[in-house]
Novice: 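Supplied in structure tokens, the structure appears directly below.
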Amino acid sequence: VAACATGKRDAIISVIHGLAAGEERALLTVAVARTWGTFDPEGAVEWIKTAVPAGEVQDGMIDAVFSAFVRKDPVQAAEWASQQTDERRRTNYVAAAVAEWAALDSASAETWVNEQPEGGYLDGATYAIAAHFIERRLLQQAFAWTRRIMRNEARAALLGNLGRIWNTER
């Protein structure tokens, strides 16, 4: 699997294609996709789309690629996620990347979200930043970000959390 990063990916893919369908092939496919995804998520996703039939398994593998990528480089993962055409995936991936990024550098994550064009997909990112500040008990910043969330149920959930915290810390 480590050979994905050293240019031997084609040889590994050839081995995978030579295996009979089954658990061993599935496990190796997932391992290669995750490793490949940490440095080339687009390439890994394109390969998954050709190697794995569309459906729940393929979706799970694409999610695994993104998960590996976001842990390695949340900044690039946020950029990549914001370009996704599937709205559900775009929203979830941007939120996950921003959550990871905010834990490392909340100021630059905030700046990135503020610089994005308006869109519903940013609700998850805004929620992630608000939750980051709630977790750190930075309630004024959390409230400012919570107010920006467009979906009422998400905004209400965070406002409820903020209210409970303010009530117990007074």
Novice: When you measure from the side chain of Arg136 to the backbone of His132, do you find a donor-acceptor pair of N or O atoms at a distance under 3.5 Å?
Specialist: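 Yes, Arg136 side chain to His132 backbone: donor-acceptor pair under 3.5 Å.
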Novice: Measure across Leu122 and Val113 and return the closest heavy-atom pair with its distance rounded to 0.1 Å.
Specialist: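 What the structure gives for the nearest pair is CD1-O, 4.2 Å.
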Novice: Are side-chain heavy atoms of Trp145 and Gln140 found at a separation under 4.5 Å?
Specialist: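 They are not in side-chain contact.
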Novice: Do Glu169 and Arg137 pass the side chain to side chain contact (heavy atoms under 4.5 Å, CB included) test, and can you show the C-alpha distance, the side-chain angles, and the key distance before you say yes or no?
Specialist: CA-CA 10 Å; Glu169 292 186 2; Arg137 299 295 199 250; 2.8 Å; yes
Novice: Can you see which heavy atom on Ile149 is nearest to which on Tyr127, and at what distance?
Specialist: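 Scanning both residues, the minimum pair turns out to be CD1-CA, 3.7 Å.
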Novice: What's in the same ILVMFWY side-chain cluster as Met150, cut-off under 4.5 Å, chained through other members?
Specialist: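 None; Met150 is a cluster of one.
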Novice: For Glu135, enumerate each residue passing the side chain to side chain contact (heavy atoms under 4.5 Å, CB included) test, keeping only those at least two apart in sequence or located in another chain.
Specialist: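 Partners of Glu135 by the side chain to side chain contact (heavy atoms under 4.5 Å, CB included) criterion come out as none, since no residue qualifies.
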Novice: Check side-chain hydrogen bond (donor to acceptor under 3.5 Å, both in side chains) between Arg88 and all other residues, then give those that pass, not counting sequence neighbours.
Specialist: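 None.
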Novice: Sequence neighbours left out, what pairs pass side-chain hydrogen bond (donor to acceptor under 3.5 Å, both in side chains) with at least one residue falling in residues 64-81?
Specialist: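 Residue pairs passing side-chain hydrogen bond (donor to acceptor under 3.5 Å, both in side chains), neighbours aside: Ser67-Arg71, Glu79-Trp112.
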Novice: Among side-chain atoms of Asn161 and Arg164, is any donor-acceptor pair under 3.5 angstrom?
Specialist: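 On atom types as modelled, these side chains qualify, holding a pair under 3.5 Å.
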Novice: Quick one: closest heavy-atom pair of Thr38 and Ala68, and the distance?
Specialist: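 Minimum heavy-atom separation between Thr38 and Ala68: CG2-CB, 3.6 Å.
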Novice: Only counting residues at least two apart or in another chain, list the ones meeting salt bridge (Lys or Arg N to Asp or Glu O under 4.0 Å) with Arg90.
Specialist: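 Salt bridge (Lys or Arg N to Asp or Glu O under 4.0 Å) list for Arg90, sorted by chain: Glu87.
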Novice: Return the set of residues passing side-chain hydrogen bond (donor to acceptor under 3.5 Å, both in side chains) with Asn92 (not counting sequence neighbours), or none when no residue passes.
Specialist: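 Here no residue qualifies.
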Novice: Give me each pair satisfying side-chain hydrogen bond (donor to acceptor under 3.5 Å, both in side chains) with a member in residues 146-155, each pair once, sequence neighbours excluded.
Specialist: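 Residue pairs passing side-chain hydrogen bond (donor to acceptor under 3.5 Å, both in side chains), neighbours aside: Asn114-Arg148, Arg151-Glu153, Asn152-Arg155.
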Novice: Checking one residue: Leu104. Which other hydrophobic residues are in its cluster under the side-chain 4.5 Å linking rule?
Specialist: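 Leu104 shares its hydrophobic cluster with no other residue.
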Novice: Side chain to side chain contact (heavy atoms under 4.5 Å, CB included) with Ala77: which residues, sequence neighbours excluded?
Specialist: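 Here the qualifying residues are Phe66, Phe69, Val70, Ala97.
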Novice: Just grab all the salt bridge (charged side-chain N to carboxylate O under 4.0 Å, His left out) pairs involving residues 41-61, residues at least two apart or on different chains.
Specialist: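 Those involving residues 41-61 are Asp59-Arg89.
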Novice: Would you call Ile129 and Phe133 a side-chain contact if the rule is heavy atoms closer than 4.5 Å?
Specialist: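 Yes, their side chains come closer than 4.5 Å.
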Novice: Find out if a path of hydrophobic residues (ILVMFWY) with successive side-chain heavy-atom gaps under 4.5 Å connects Phe39 to Val75.
Specialist: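 No: no chain of side-chain contacts under 4.5 Å links Phe39 to Val75.
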Novice: Sequence neighbours excluded, which residues qualify as side chain to side chain contact (heavy atoms under 4.5 Å, CB included) partners of Ala51?
Specialist: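 Side chain to side chain contact (heavy atoms under 4.5 Å, CB included) list for Ala51, sorted by chain: His17, Trp47.
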Novice: May I have all residue pairs that pass side-chain hydrogen bond (donor to acceptor under 3.5 Å, both in side chains) and include part of residues 96-108, sequence neighbours excluded?
Specialist: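 Every pair satisfying side-chain hydrogen bond (donor to acceptor under 3.5 Å, both in side chains) with a residue in residues 96-108: Trp101-Ser108, Asp105-Ser108.
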